[in-house]
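The structure displayed is predicted, hence computed values, not measured ones.
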Amino acid sequence: MIISAAGPAVTVVQALVALWLVQARASAAAWVVLFWAAFMRFMATVISLFHPNDEARISEWLGWGMWTLPVLVTVGLFTLLAVGSVRLRVSWKTLILTWVVASVAVSAVVGLDMLTKG
């Protein structure tokens, strides 16, 4: 369980540091780290529909059901992203465009991986 918790824990710590940088220095680069933290944990939660991710396994181990911890982590990270986005005055248009670009990039990497393993 410690190994399963390490990945999400590091992501949450990275997001907290990124939010601090966004708040303290108005860092757009830190906002990107904050966005990726929320995006990647959200995608991991979606993939849990097919194969339980780290949070889902831990949540079941704790007896909380499969979805409790993944939802808490994802909502928490999106909350941090919202706070950072307000601080930098990131528009909905920018958020949506960033989401689309991230989705295409991840899909391309996954698709290329599937093609190479053929």
Below 4.5 Å, heavy atoms only, C-beta onward: do [X] and [Y] meet side chain to side chain?
X   : Y   : value
V83 : Q23 : yes
W61 : S4  : no
S59 : M66 : no
V86 : R89 : no
T68 : V71 : no

Is the F42-W36 ring centre distance short of 6.0 angstrom?
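Ring centres of W36 and F42 not closer than 6.0 Å.
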
Examine [X] and [Y] and state if one hydrophobic cluster contains both, with Ile, Leu, Val, Met, Phe, Trp and Tyr joined whenever side-chain heavy atoms are less than 4.5 Å apart.
X   : Y    : result
L95 : L97  : no
I58 : M40  : yes
W92 : W99  : yes
I47 : V110 : no
V33 : W20  : no

Work out which heavy atom in [X] is nearest to a heavy atom in [Y]; give both atom names and the distance.
X   : Y   : answer
L80 : L34 : O-CD2, 3.5 Å
W67 : S48 : CH2-CB, 3.7 Å
L88 : W31 : CD1-CB, 3.5 Å
L77 : A15 : CD2-CB, 3.5 Å
V73 : E55 : CG1-OE2, 3.5 Å
T74 : R41 : OG1-O, 3.8 Å

If you count every heavy atom of other residues, nucleotides or ligands that lies below 6.0 Å from I3 atom CD1, does the total exceed 12?
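Open.
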
What distance do [X] atom [atom1] and [Y] atom [atom2] have between them, rounded to the nearest 0.5 Å?
X   : Y   : atom1 : atom2 : value
L19 : Q14 : CG    : CD    : 13.5 Å
T45 : N53 : OG1   : CG    : 5.0 Å
L69 : D54 : CG    : CG    : 10.0 Å

Starting from the C-alpha separation in whole Å, work towards a yes-or-no answer on side-chain contact (heavy atoms from CB on, under 4.5 Å) for S85 and F35.
CA-CA 9 Å; S85 296; F35 174 86; over 6 Å; no

Short side-chain donor-acceptor distance under 3.5 Å, T94 and S91
yes

